[in-house]
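Here's the structure we're looking at; comments come further down.
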Amino acid sequence: MKHPLPDRPQHICVLRLSALGDVCNLVPTVRALQRQWPEARITWIVGKGEHSLLAGLSGVEFVVYDKATGLAGMRALWRQLSDTRFDVLLHMQQALRASVLSLGLKADLRVGYDKARAKDAQHWFTQRQLAPHSRAHVLESYLDFARLLGVEDLSLTWDLPVPEAAVEEARGITGEAPFLVISPCANPRLRNFRNWSAEGYAAVIEHAWRQHGLKAVLTGGGSTQERELGERIQALCSPEVVIDVIGETSLKGLLALIQGARAVIAPDSGPVHMANALGAPVVGLYATTNPDRAGPYRWREYVVDRYPDAVRSYLHKSPAELPWGQRVRHPDAMSLIRAEDVIDRLEALLIHPESPIETESPDEA
C-alpha cells in the first residue's frame, strides 16, 4: 500500500545539500511548489557553500549543514529541528550521508527517487518513490518531485537574489568594459577530467578581444590546480585582455559577474548552471559528461558536445549503450573539444543572446 500524498502540505522539507550546479537546477522546483501552495512553509536543508550562493531566496527557510562537521553536525541539526514535523520531506540527495541525515528528521511522508535513479540505496530511506523517468535531465528529475505532489504549473522561474554589494564587487573587477566570464575548471575531484586546455581558452579569449573588444574575467575556486591553469591562460594572452580573479570572489560576487557578462564559458560545473539560472548566455564545454543530462538547461543547443565522440573513442561504445549519466573518465577526453568549435558557439550566442526556451516549461520544450 502506498503512503498517501498530502493534499495541501503546510510545511515542506527540501533535502539537497550539494552541489552548486544542482541547487541551481533545483530552484525552479521550489518556485513551482510556492506557486501551487503560496501559504506553505518551505525549509531547505542545504550545504554551507550552497547556502552562501542561495542566501536570500524568497520564501525559503534555510537550515545549513556543513558536511565537515560529520555526525556531530547531524546531531546538532536534529536538535535544532527536534520540535519540527514536516508534512512531506523531499529527499533530493542521492548520497548515503544525506540519507543518514534524513533519519533524524520528523516527517509524515518521505519522497525519494525511483529505484532506477536512486543511488546508495536511497529508496530504503523513503516511503514514496517518483515515477520512472528514463534519460531525464537533472532539472527535470527535480521537477518530478513537484509532479508527484500534483503541482500543475512547472514553468521555469529562478529569481536568484543578487545583492547590491555583490554588484559593486563585480563592478570593482570589471569597471564599465564589456567582458566574458570564463570559469576554466570544474571541481578538482579525483578522476573528474572535466577541464579544457589553457591553449584552447587562450585562443577563444584572443578571438573575443580582437573581434568584439571583450575582456575575459577568469573565475573559480582557490585550489592550486585552478590558480595554475589561470596563470597559464594569462601567460598565453595579450597582457590587457585577461582579468584573473580565480579564488578572489564571493559566490554572490560571481553571480553578479555572470549576470553582467556578455557570455559565460565553462566546463560542466557550477557556473554553467548559475548562468542558466540567471538567463546569461553560456557555452558549456562537455566531453566527459552527457549534456543531455547535465548541460545548462536553457542553453543546451549552444553546448560544445564531444561526449558521443569521447564515448566512442575511450569506452568503445555508443552513448545509447551506456547507463544514463555515465561519465567518460579519461584524461584526454576534453582534448576532443577544438577552439574553433567554442568560437563558433560563442559567435552564435553573441548574435542571439536570448535563451531559445526562455519561457517554456520542460513539458513544452
Side-chain angles (χ1 to χ4, degrees), residues 5-9 12-38 40 42-46 50 53-54 57-60 86-95 98 109-119 122-123 126 128-160 268 270 272-279 284 289-301 324-325 355-365:
L5 297 169
D7 292 329
R8 194 174 184 85
I12 300 168
C13 178
V14 172
L15 175 56
R16 177 77 211 193
L17 303 174
S18 61
L20 296 178
D22 287 304
V23 298
C24 285
N25 280 321
L26 194 154
V27 170
T29 298
V30 171
R31 295 307 192 200
L33 295 169
Q34 290 174 324
R35 286 191 298 269
Q36 185 82 4
W37 298 295
I42 296 179
T43 296
W44 186 338
I45 301 175
V46 71
E50 291 73 17
L53 176 69
L54 298 176
L57 195 69
S58 60
V60 177
F86 302 105
D87 296 299
V88 58
L89 186 156
L90 304 181
H91 189 346
M92 296 177 164
Q93 184 91 34
Q94 299 164 304
L109 178 67
R110 300 164 188 268
V111 177
Y113 289 95
D114 54 288
K115 193 171 183 179
R117 283 182 282 181
K119 297 177 182 177
Q122 191 217 46
H123 57 286
T126 58
R128 283 287 294 262
Q129 287 78 43
L130 301 180
H133 188 170
S134 62
R135 310 183 79 80
H137 189 279
V138 170
L139 184 147
E140 293 170 354
S141 285
Y142 294 142
L143 285 174
D144 283 342
F145 285 84
R147 290 187 180 98
L148 180 68
L149 294 179
V151 173
E152 298 170 356
D153 181 1
L154 299 176
S155 55
L156 302 181
T157 307
W158 278 266
D159 294 329
L160 293 184
D268 178 22
V272 296
H273 302 292
M274 293 160 70
N276 180 68
L278 293 167
T289 50
N290 185 348
D292 290 335
R293 179 185 178 274
Y297 189 82
R298 296 187 287 181
W299 303 91
R300 283 169 289 172
E301 74 173 67
W324 187 241
S355 167
I357 54 170
E358 184 70 34
T359 60
E360 293 180 359
S361 75
D363 293 328
E364 296 167 335

Hey, does Val27 have a side-chain heavy atom less than 4.5 Å from the side chain of Leu54? yes
Distance-minimising heavy-atom pair for Ala146 and Leu154: CB-CD2, 4.0 Å
Determine the minimum heavy-atom distance between Thr157 and Arg31, stating which atoms define it. O-CG, 3.2 Å
Quick one, Leu278 with Trp158, criterion side-chain contact (heavy atoms from CB on, under 4.5 Å). Give me CA distance, side-chain angles, the key distance, then yes/no. CA-CA 7 Å; Leu278 293 167; Trp158 278 266; over 6 Å; no
Side-chain heavy-atom pair Leu17, Ile45 within 4.5 angstrom cut-off: yes
Minimum side-chain heavy-atom gap Gln36-Asp153 below 4.5 Å: no
Pairing residues for His137 by the ring-ring contact (aromatic ring centres under 6.0 Å, His included) criterion, not counting sequence neighbours: Tyr297
Once rounded to the nearest 0.5 Å, what's the spacing between atom SG of Cys13 and atom CG of Asp87? 11.0 Å
Give me each pair satisfying salt bridge (Lys or Arg N to Asp or Glu O under 4.0 Å) with a member in residues 14-25, each pair once, sequence neighbours excluded. Arg16-Asp22
As an exercise, state the distance from CG of Leu90 to CD1 of Ile12, rounded to the nearest 0.5 Å. 6.5 Å
Is it true that a side-chain atom of His273 and a backbone atom of Val23 form a donor plus acceptor pair closer than 3.5 Å? no
Taking all atoms of both residues into account, what is the closest heavy-atom pair of Asp144 and His133, and its distance? OD2-ND1, 2.9 Å
Please examine the side chains of Leu33 and Leu149, heavy atoms only from C-beta on, and report whether any two atoms are closer than 4.5 Å. yes
Evaluate the criterion side-chain contact (heavy atoms from CB on, under 4.5 Å) for residue pair Leu156 and Leu143; output intermediate values, then yes/no. CA-CA 10 Å; Leu156 302 181; Leu143 285 174; 4.1 Å; yes
Hey, are the side chains of Ser141 and Tyr113 touching, using non-hydrogen atoms and a 4.5 Å cut-off? yes
Non-hydrogen atoms of Leu139 and Pro28 that approach each other most closely: CD1-CG, 4.2 Å
Val111/His91 under side-chain contact (heavy atoms from CB on, under 4.5 Å): CA gap, chis, key distance, verdict: CA-CA 6 Å; Val111 177; His91 189 346; over 6 Å; no
Quick one: does Val14's side chain get under 4.5 Å of Phe145's, heavy atoms only? no
If I take atom CD from residue Gln122 and atom CE from residue Met92, how far apart are they, to the nearest 0.5 angstrom? 10.5 Å
Are any side-chain N or O atoms of Gln129 and backbone N or O atoms of Lys115, one a donor and one an acceptor, separated by less than 3.5 Å? no
Taking the side chain as C-beta and beyond, is there a heavy-atom pair between His123 and Leu130 under 4.5 Å? no
Could you tell me if the side chain of Arg128 sits less than 4.5 Å from the side chain of Val88, heavy atoms only? no
To check you understand the geometry: which heavy-atom pair defines the closest contact between Val272 and Gly284, and what is its length? CG1-CA, 4.2 Å
Sub-3.5 Å donor-acceptor pair from the side chain of Gln34 to the main-chain atoms of Ser58, do we have one? yes
Stepwise side-chain contact (heavy atoms from CB on, under 4.5 Å) test for Leu57 and Leu160: CA-CA 6 Å; Leu57 195 69; Leu160 293 184; 4.0 Å; yes
Quick one: closest heavy-atom pair of Asn290 and Asp292, and the distance? OD1-N, 2.9 Å
